[in-house]
Amino acid sequence: MPSTPYDQDDLVTFFVDYGVALGSGDLETVTESLAYPSVVVEAERSLVVPDAEAAREALGSMLAAYREQGLVAAVPDVRAVEQVGDALLWVDVRWSYKDENAAEETAERVRYLLRRGRETFELCVVVPVEE
């Protein structure tokens, strides 16, 4: 059985910090959370994000759209974690996107392949999950 190279609290903290960055529109923190290259896999396409500049281009409009919709917080609920290697984890997260009154406006599920790196986790693969 492989050793656990992460602490559950560290994992939750990573996603909470990532959610704060999403909700506040902090593009630098969001891009620093990605491994490079990283991949977004959707039903209709796969998008390779080769570097931080490409991530800023791809994610900037997404973060602006959140703000235009009045969304100011992204609250993670880590649903499941599967260790797939000494430093790799599949993590299932339900995101609750909240408005300024803390009311949930929308939600989504995303599965992430994370790698332990740079003293924290890195998002390597992002897979939106249809519910």
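Here the structure is a predicted model, which means the values were calculated and not measured.
- The hydrophobic cluster containing Phe14 does not contain Val75, counting ILVMFWY residues as joined when their side-chain heavy atoms lie under 4.5 angstrom apart, directly or transitively.
- Ring geometry for Tyr112 versus Phe15: interplanar angle of 30 to 60°, hence tilted.
- In this structure Ala74 satisfies the side chain to side chain contact (heavy atoms under 4.5 Å, CB included) test together with Leu22, Trp95, Tyr97, sequence neighbours excluded.
- In this structure Val48 satisfies the side chain to side chain contact (heavy atoms under 4.5 Å, CB included) test together with Pro37, Val39, sequence neighbours excluded.
- A 6.0 Å sphere centred on CD of Glu28 holds more than 12 heavy atoms belonging to other residues, nucleotides or ligands.
- Shown here are the salt bridge (charged side-chain N to carboxylate O under 4.0 Å, His left out) partners of Asp77, two or more places apart in sequence or in another chain: Arg79.
- Counting only residues at least two apart or on different chains, no ring pair (Phe, Tyr, Trp, His ring centres under 6.0 Å) pair has a member in residues 39-62.
- Using a 4.5 Å cut-off between side-chain heavy atoms of Ile, Leu, Val, Met, Phe, Trp and Tyr, with links allowed through other members, Val93 and Val129 fall into different hydrophobic clusters.
- Glu108 pairs by the salt bridge (charged side-chain N to carboxylate O under 4.0 Å, His left out) definition with nothing, not counting sequence neighbours.
- Distance check: Thr106 OG1 to Lys98 NZ gives 11.5 Å after rounding to the nearest 0.5 Å.
- Not counting sequence neighbours, the partners of Ala43 by the side chain to side chain contact (heavy atoms under 4.5 Å, CB included) test are Glu130.
- Under the 4.5 Å side-chain heavy-atom criterion for ILVMFWY residues, a single connected hydrophobic cluster contains both Leu89 and Val40.
- The structure places OG1 of Thr31 at 12.0 Å from CD of Glu57, a figure rounded to the nearest 0.5 Å.
- Between the side chain of Ser38 and the backbone N or O of Leu34 there is no donor-acceptor pair closer than 3.5 Å.
- Take Glu82 and apply the side chain to side chain contact (heavy atoms under 4.5 Å, CB included) test, not counting sequence neighbours, and it matches Val84, Trp90.
- Applying the side chain to side chain donor-acceptor pair (under 3.5 Å) test to Thr29 and every residue at least two apart in sequence or in another chain returns Asp26.
- A donor-acceptor pair under 3.5 Å is absent between the side-chain atoms of Gln69 and the main chain of Leu71, judged by distance alone.
- Judged as a salt bridge (charged side-chain N to carboxylate O under 4.0 Å, His left out), and not counting sequence neighbours, the contacts of Glu53 are Arg56.
- Hydrophobic clustering, with ILVMFWY side chains joined whenever heavy atoms are under 4.5 angstrom apart, groups Leu47 together with Val126.
- Neither Val72 nor Val16 shares a network with the other; the hydrophobic side chains, linked directly or stepwise wherever heavy atoms of I, L, V, M, F, W or Y lie under 4.5 Å apart, form separate groups for each.
- Annotation: side chain to side chain donor-acceptor pair (under 3.5 Å) contacts of Arg67 (sequence neighbours excluded): none.
- A cation-pi geometry, defined here as NZ or CZ lying under 6.0 Å from the six-membered ring centre and within 45° of its normal, does not hold between Arg115 and Phe121.
- For the salt bridge (charged side-chain N to carboxylate O under 4.0 Å, His left out) test, residues two or more places apart in sequence or in another chain that qualify with Glu104 are Arg94.
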